[in-house]
Amino acid sequence: MASFPHYVKLNNGARMPIIGLGTWQAKEGEVKVAVESAIDCGYRHIDTAWAYKNEKEIGKTLKKVFDAGKLKREDIFIVSKLPNGGHHRDKVLHYLQQSLDDLQLSYVDMYLVHSPFSVVPLDGNEQLPIKDGKLVIDYEADFLDTWKGMEDAVDAEMTKAIGISNFNSEQIKRIYDNARIKPANLQVECHAYFPQIKLFQICKELNISLTAYGPLGNPSLSGFLRENFGINAELPNLLKDPALQDIAEKHQKTAAQILLRWLIQRGIIVIPKSSNPNRIKQNFEVFDFNLSEEDVNQINGLDRNHRLFEYSGVEEHPNNPFNIPF
Ligand SMILES: NC(=O)C1=CN([C@@H]2O[C@H](COP(=O)(O)OP(=O)(O)OC[C@H]3O[C@@H](n4cnc5c(N)ncnc54)[C@H](OP(=O)(O)O)[C@@H]3O)[C@@H](O)[C@H]2O)C=CC1
Ligand SMILES: O=C1CO[C@H](CO)[C@@H](O)[C@@H]1O
């Protein structure tokens, strides 16, 4: 089998490992184990965010790994994200510095604007603050101003590259057309039920790499939405899709591995989250087999144009990215 690239080349010349460890919902105490296990089995990319409240634990773990001489800083690609309350030029360096302090790093490899939803946090913390049943929107913010702050962060050598997350095609173009430093990466929901064909095509034309979040369709999402937002969404379980089970059986792989392989074969970066060392290892074992054209076509056929992630209150936001198809 021909060797398969383990990275995607970015518009700043850097190589972004095509598989990273997702860390949203990784609980305190579990994050350390997850990061250590991931590094031991070959992951060289960690996805985190100011909002995930786990950067301190990741920082401690990385320091241990570096101090033990297992890896050097330049061997690993770290992604963090600007919180939704940070949508002003002068706030970007402030939040990035907090992430860097917590991560015990002098730079990250990629810093993303977490979403176009500018908000005014109520206690300084929430990503989506709700007051009187409504999202507390920061109407003063303009994401072009935020982007200038992102460019400042590159100039200050606090990040090697900058990108965006949860932006739609029109918002991406608005950034792109006005940017001094073009976005290097877009992170959006992407999996077999929501394959982002058109958005990915636009990204390719603009030389923006794409990272898939929720690449496994996050089987724990229904529970999260119910507990945190009272949203009763009966979400389909992608990992249990019978067509995937059949392909998995044929290759002696799991449905998760098939989903990840299908994405990376398209040239899409994946960041599956797991806190379980066996599943972390399993999710990385996707370089030793190939999906045939027939398999790929079958998985392409699962497209339901179904976004699984819902963001409470954002329908009212002037920058709601989800009110157009892509
Ligand atoms: N930019 C953004 O707005 C967003 C970014 N993200 C990023 O993307 C990452 C991935 O997305 P996420 O929402 O976590 O969803 P994923 O699709 O990665 O699914 C994670 C869930 O799948 C389970 N799981 C992991 N591996 C397997 C496996 N091999 N077999 C069965 N179950 C498995 C995990 O449980 P367990 O831990 O028990 O293994 C967890 O419940 C996030 O962690 C975060 O870093 C996510 C959402 C939004
Ligand atoms: O990265 C993220 C993980 O999912 C969360 C809940 O839907 C989001 O708030 C956040 O954007």
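If you read the sequence from its start, that first residue is 1, and numbering goes on from there. Both counts, for ligands and for their atoms, begin at 1 and track the order of listing.
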* **Main-chain N/O of K56 paired with D102 side-chain donor or acceptor, under 3.5 Å** => no

* To do: For the pair Q252 (side chain) and A248 (backbone), establish whether a donor and an acceptor sit closer than 3.5 Å, ignoring hydrogens and angles.
  => no

* Does K64 make a cation-pi contact with F66 (under 6.0 Å, within 45 degrees of the axis)? -> no

* At what distance, to the nearest 0.5 angstrom, does OG of S312 lie from CD1 of I231? -> 4.5 Å

* Asked: Can we say D288 and K253 salt-bridge, meaning some charged N sits less than 4.0 Å from an Asp/Glu carboxylate O?
  -> yes

* Pocket residues of ligand 2, ordered first by chain and then by residue number (heavy-atom cut-off under 4.0 Å) -> W24, Y52, H114, F224, Y311

* From R174, R89, K148, residue fulfilling side chain to side chain donor-acceptor pair (under 3.5 Å) relative to D142 -> R174

Could you go through ligand 1 and list every pair where one of its N or O atoms sits under 3.5 Å from a protein N or O, giving the atom names and the distance to one decimal?
| from | atom 1 | to | atom 2 | distance (Å) |
| --- | --- | --- | --- | --- |
| ligand 1 | 1 (N) | S165 | OG | 2.8 |
| ligand 1 | 1 (N) | Q187 | OE1 | 2.9 |
| ligand 1 | 3 (O) | H114 | NE2 | 3.4 |
| ligand 1 | 3 (O) | N166 | ND2 | 2.8 |
| ligand 1 | 6 (N) | Y52 | OH | 3.4 |
| ligand 1 | 11 (O) | G214 | N | 3.0 |
| ligand 1 | 13 (O) | N218 | ND2 | 2.9 |
| ligand 1 | 17 (O) | P215 | N | 3.3 |
| ligand 1 | 17 (O) | L216 | N | 2.8 |
| ligand 1 | 17 (O) | N218 | N | 3.2 |
| ligand 1 | 18 (O) | K273 | N | 2.9 |
| ligand 1 | 26 (N) | N283 | ND2 | 3.0 |
| ligand 1 | 29 (N) | Q282 | OE1 | 2.9 |
| ligand 1 | 29 (N) | N283 | OD1 | 2.9 |
| ligand 1 | 37 (O) | K273 | NZ | 2.7 |
| ligand 1 | 37 (O) | S275 | N | 2.9 |
| ligand 1 | 38 (O) | R279 | NH2 | 2.9 |
| ligand 1 | 39 (O) | S274 | OG | 2.6 |
| ligand 1 | 39 (O) | R279 | NE | 2.6 |
| ligand 1 | 39 (O) | R279 | NH2 | 3.3 |
| ligand 1 | 41 (O) | S220 | OG | 3.3 |
| ligand 1 | 43 (O) | T23 | N | 3.2 |
| ligand 1 | 43 (O) | W24 | N | 3.0 |
| ligand 1 | 45 (O) | T23 | N | 3.3 |
| ligand 1 | 45 (O) | D47 | OD2 | 2.6 |

* To do: Would you please name every residue forming a ring pair (Phe, Tyr, Trp, His ring centres under 6.0 Å) with Y193, sequence neighbours left out?
  => none

* With D295 via side chain to side chain contact (heavy atoms under 4.5 Å, CB included) - residues at least two apart -> I247, K250, H251, L291, S292

* Check whether any side-chain heavy atom of L225 sits under 4.5 Å from a side-chain heavy atom of L221, and report yes or no. => yes

